[in-house]
Trainee: 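Here it is: the structure, laid out below.
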Amino acid sequence: MDALAPLIAASMNAGTPLMLAALGLLINEKSGVINLGSEGMMLVAAALGFAIAVQTGSTSLGFVGGALAGALMAGLFAWLVVWMGANQIACGLALSLFGVGLSASIGLPYVGATIQASTWSIPLLGDIPFVGTALFQHHPMVYGALALSVLLGFFLYRTRTGLVLRAVGESPESAHALGYPVRRIRLAALLFGGACCGLAGAFMSLVYTPMWVEDMVAGRGWIALALTPFATWRPLRVLVGAYLFGGITILTFHLQALGVPIASQLLSMLPYLATILVLVLISRNVDWIRINMPASLGRRFNPNS
């Protein structure tokens, strides 16, 4: 039991950046746009957020800078695909590759730098044996991600604005005919998604591993993309999936520390193998995907047609 509480706590920490990024991507896809640039956005946000935190001594400003970096990159993507009509897949991949190079350039002066890792605990609750260590001694962003998943579930299925967003994703032509500004709605969704990916990247460099290392996101942006179909485009299921994949990541570290006679390279592959396995299992049920996936996902919208 003494070893289980830190394992649960570490899984929550590992799952938080996945959850933040996946929730942002879910909103993108609910509007009918798929953004494959999450990995690049997270990397740039991680580098810029860490640089701001080192220069100012404030991790809060680092998170703000990371969110803005993600939103700006998403804004560039929105201009290309929403207004210029460029291919969403090609632009997303280009954005991801661009982010890899840009983050390396931004972070180069900060390689080897560190920031003070702060400790957090909810008063009284954090002192409860086992439960306090497992659940109530986390950075506020961990609880913010949990709250965001609940709020987005309410927003999408209990508000008029959420209904309009889903309508844009299902049939942008019909939404446009009814007078809704499809392009602006998709822009807002993409900016929100970019900000969420930015927060996820900043969490990586400011909380999860408080330092900058090139390519430190290590494929989590791609895992976050896989989480949206895994969760059938529902925010609360994203929460479950994020903690599941976070737990698998932490489990690989623990197995290596315990000296399990399995090659470390194979253990490091487990989260990504799990991602591929989940996608294969989900894709076998075509009707289930068709029912839950936004109908216009990835399809270009031309308001003049």
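All heavy atoms count here, side chains included; hydrogens, waters and symmetry mates do not.
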Trainee: Apply the test side chain to side chain contact (heavy atoms under 4.5 Å, CB included) to residues N35 and L95: give CA-CA distance (whole Å), side-chain angles for both, the deciding distance (0.1 Å), then the verdict.
Mentor: CA-CA 9 Å; N35 185 356; L95 186 68; 4.0 Å; yes
Trainee: Just verifying a value: how many Å separate M41 CE and L36 CG, rounded to the nearest 0.5 Å?
Mentor: 9.5 Å
Trainee: Flag this pair as yes if the NZ/CZ of R220 is under 6.0 angstrom from the six-membered ring centre of F245 and inside a 45 degree cone about the axis; otherwise no.
Mentor: no
Trainee: Under 4.5 Å between side-chain heavy atoms, counting indirect links through other Ile/Leu/Val/Met/Phe/Trp/Tyr residues: same cluster for L25 and L191 or not?
Mentor: no
Trainee: For the CG atom of L227 and the CH2 atom of W233, what is their distance to the nearest 0.5 Å?
Mentor: 12.0 Å
Trainee: Would you confirm whether E214, through its side chain, and A104, through its main-chain N or O, come within 3.5 Å as a donor-acceptor pair?
Mentor: no
Trainee: With sequence neighbours excluded, give me every ring pair (Phe, Tyr, Trp, His ring centres under 6.0 Å) pair touching residues 44-96.
Mentor: F63-H139
Trainee: Examine L61 and L48 and state if one hydrophobic cluster contains both, with Ile, Leu, Val, Met, Phe, Trp and Tyr joined whenever side-chain heavy atoms are less than 4.5 Å apart.
Mentor: yes
Trainee: Do side-chain atoms of D127 reach the backbone of P123 as a donor and acceptor pair under 3.5 angstrom?
Mentor: no
Trainee: For residues C91 and A86, report the shortest heavy-atom separation together with the two atoms involved.
Mentor: SG-CB, 3.4 Å
Trainee: I27 versus L156: any side-chain heavy-atom pair under 4.5 Å?
Mentor: yes
Trainee: According to a hydrophobic-cluster definition based on side-chain heavy atoms being under 4.5 Å apart (Ile, Leu, Val, Met, Phe, Trp, Tyr only), do W120 and M19 belong together?
Mentor: no
Trainee: Kindly say whether L7 contributes a backbone atom to a donor-acceptor pair with the side chain of S11 at under 3.5 angstrom?
Mentor: yes
Trainee: Mind listing the closest non-hydrogen atom pair of G62 and A202 along with its distance?
Mentor: O-CB, 4.1 Å
Trainee: With a 3.5 Å distance limit and no angle check, can you tell me whether R186 reaches the backbone of S31 through a side-chain donor-acceptor pair?
Mentor: yes
Trainee: To the nearest 0.5 angstrom, please state how far the CE atom of M42 sits from the CG atom of L18.
Mentor: 7.0 Å
Trainee: Quick one: pull up CZ in F136 and OG in S121 and give me the separation to the nearest 0.5 Å.
Mentor: 10.0 Å
Trainee: So, the side chain of T252 versus the backbone of T249: is there a donor-acceptor pair under 3.5 Å, distance only?
Mentor: yes
Trainee: Looking only at heavy atoms, what is the nearest atom pair of L148 and C196, with distance?
Mentor: CD2-SG, 4.1 Å
Trainee: Taking the side chain as C-beta and beyond, is there a heavy-atom pair between F130 and I8 under 4.5 Å?
Mentor: yes
Trainee: State the CD1-CD1 distance between I115 and I52, to the nearest 0.5 angstrom.
Mentor: 12.0 Å
Trainee: Does any N or O in the side chain of Q88 come within less than 3.5 Å of the main-chain N or O of I34, such that one atom is a donor and the other an acceptor?
Mentor: yes
Trainee: Mind checking what makes side chain to side chain contact (heavy atoms under 4.5 Å, CB included) contact with A46, not counting sequence neighbours?
Mentor: S205, W212, M216
Trainee: Assigning hydrophobic clusters by single linkage (Ile, Leu, Val, Met, Phe, Trp, Tyr; side-chain heavy-atom cutoff under 4.5 Å), is L76 placed with L72?
Mentor: no
Trainee: Which atoms form the tightest heavy-atom contact between A69 and V44, and what is the distance?
Mentor: CB-CG1, 4.2 Å
Trainee: V164 versus I185: any side-chain heavy-atom pair under 4.5 Å?
Mentor: yes
Trainee: Does some side-chain heavy atom of V238 sit less than 4.5 Å from a side-chain heavy atom of S149?
Mentor: no
Trainee: E39 side chain to G219 main-chain N or O, any donor-acceptor pair under 3.5 Å?
Mentor: yes
Trainee: Should we say atom CZ of F98 is surrounded by more than 12 heavy atoms from elsewhere, each under 6.0 Å from it?
Mentor: no
Trainee: According to side-chain hydrogen bond (donor to acceptor under 3.5 Å, both in side chains), who are the partners of R237, at least two apart in sequence or on a separate chain?
Mentor: T232
Trainee: Are there over 12 heavy-atom neighbours, none belonging to L178, within less than 6.0 Å of that residue's CG?
Mentor: yes
Trainee: Would you say V142 and F203 make side-chain contact, with heavy atoms under 4.5 Å?
Mentor: yes
Trainee: If you measure from CG on L146 to NE2 on H138, what distance do you get to the nearest 0.5 Å?
Mentor: 9.0 Å
Trainee: Heavy atoms only: give me the nearest M141-T16 pair and the separation to one decimal.
Mentor: O-CG2, 4.1 Å
Trainee: Are the side chains of L225 and E29 in touch, meaning some heavy atoms are under 4.5 Å apart?
Mentor: yes
Trainee: Looking only at heavy atoms, what is the nearest atom pair of A145 and L23, with distance?
Mentor: O-CD1, 4.0 Å
Trainee: If two hydrophobic side chains count as joined below 4.5 Å and joins carry through other members, does L20 share a cluster with L26?
Mentor: yes
Trainee: Check whether any side-chain heavy atom of L135 sits under 4.5 Å from a side-chain heavy atom of M12, and report yes or no.
Mentor: yes
